[in-house]
Amino acid sequence: MENSIEIVLVLYHCSLDDSATFSTLGEPLKRTSLNCELILFNNDQSQKIESTEYYVVNSNENVKLAGAYNFALERARVKKKNWILLLDQDTVVPENYFTELEKLFSEGISKDLAAIVPRLEYNDRQISPVKVSRWMRMEQEMTTIGYTSCRMNALNSLSLFRVDFLSSIGGFNKDYPFDMLDHWSYNQIHKHGKLVYIMDTVGKHNSSFVDFETNVSVSRYKEFMDAQKTFIRKELGIWNYLFYKVKLLIRGFSQLLKYKNKRFAEITFASIFKR
């Protein structure tokens, strides 16, 4: 079914009433002419989610993002949907999101298009998408609307992926069940010479890593660091990995000077010497 979308909203320790995504998705979804199905994927075993309007999955275990996304990808294949829209629980969906998407589809899209993304902001600062440099993974916000083939990254939430492309790369990589999954996905797009389209619409996203010391626990930071190290070593090659070690040294000293909790710097320095 052309331009049909499987939507998956992943929830964890969050009710439907508390999800900014769910509360802002409903009306735009009702108004769209696109053929959509919404999956509410609940990763929290301490509470059940119920809905008679949407397809609900109350998972028996926390399969994190990769597990939820792969479930939705398989359902998209079964339902013959050709796009899959990823949603986190804390994203404000733009009112004109589906309207802009309908316009794009009506104009015709490139056969090499693998993903479509809006811009996302946090506290009036654009956090997605970003252009990624070849060396040391430096990032710069992207504001140009339209197609791009540059090396880039975008957040998982509100990323719309072509089902055929994801199927061709084996779905979402289980080596990155949570952190760095977005980096892996967009790196695959660049690696396979595909395109991304940046929409002329802006959403809001609550990112804990922007207000780092306030919102990120030491254990959470360690999980992120392990995933980041694995991604750069496995996906980007030895030279990027060596540059990454240099970047960690700079980051560690910055954390020593900036943060009251010195455990963050300790974890960063320890990562330099871990394989």
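- Shown are Y54, Y55, F71; of these, the ring-ring contact (aromatic ring centres under 6.0 Å, His included) with F41 is made only by F71.
- A 4.5 Å side-chain heavy-atom check between F161 and V196 finds every atom pair outside the cut-off.
- Residues E37 and R75 are paired through a salt bridge, judged by an N-O separation under 4.0 Å between the basic side chain and the carboxylate.
- Residues S159 and Y186 have side chains in contact (heavy-atom distance under 4.5 Å, counting atoms from C-beta outward).
- Note: S59 OG to N42 CG = 8.0 Å, rounded to the nearest 0.5 Å.
- Follow the hydrophobic side-chain contacts under 4.5 Å out from Y12 and you never reach F224; the two are in separate clusters.
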**OP:** Check the pair E102 / T32 against side chain to side chain donor-acceptor pair (under 3.5 Å), numbers first and verdict last.
**Re:** CA-CA 8 Å; E102 289 168 6; T32 185; 2.6 Å; yes
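- More than 12 non-hydrogen atoms from other residues, nucleotides or ligands lie less than 6.0 angstrom from NZ of K204.
- Seen from the ring of F98, R31 does not count as a face-on cation partner, given the 6.0 Å and 45° thresholds.
- With a 4.5 Å cut-off on side-chain heavy atoms, I198 and P129 count as touching.
- In this structure, Y147 contributes its side chain and S110 its backbone to a donor-acceptor pair below 3.5 Å.
- In this structure, the side chains of L104 and I109 come closer than 4.5 Å at one or more pairs of heavy atoms.
- In this structure, M225 and R251 have side chains that are in contact, with non-hydrogen atoms separated by less than 4.5 Å.
- Around atom CD of Q47, more than 12 heavy atoms belonging to other residues, nucleotides or ligands sit under 6.0 Å away.
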Subject >> Working for ring-ring contact (aromatic ring centres under 6.0 Å, His included), residues W83 and F105 >> reply: CA-CA 12 Å; W83 295 92; F105 285 149; 5.7 Å; yes
**OP:** Test D18 against S15 for side chain to side chain donor-acceptor pair (under 3.5 Å), laying out the working first.
**Re:** CA-CA 5 Å; D18 291 333; S15 67; 3.2 Å; yes
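- Looking only at side-chain heavy atoms (C-beta outward), L38 and E6 stay at 4.5 Å or farther from each other.
- Annotation: side chain of N70 is in contact with side chain of K174 (closest heavy-atom distance under 4.5 Å).
- Between L113 and F165 there is no side-chain heavy-atom pair separated by less than 4.5 Å.
- With salt bridges taken as basic N to acidic carboxylate O contacts below 4.0 Å, none links K64 and D179.
- There is a side-chain donor-acceptor pair under 3.5 Å between S46 and D44.
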**OP:** Evaluate the side chain to side chain donor-acceptor pair (under 3.5 Å) criterion for residues Q255 and T268: first the C-alpha distance (whole Å), next the side-chain angles of each, then the deciding distance (0.1 Å), finally the verdict.
**Re:** CA-CA 9 Å; Q255 290 169 333; T268 302; 2.6 Å; yes
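- The local environment of NZ in K111 is sparse, with at most 12 non-hydrogen atoms from other residues, nucleotides or ligands closer than 6.0 Å.
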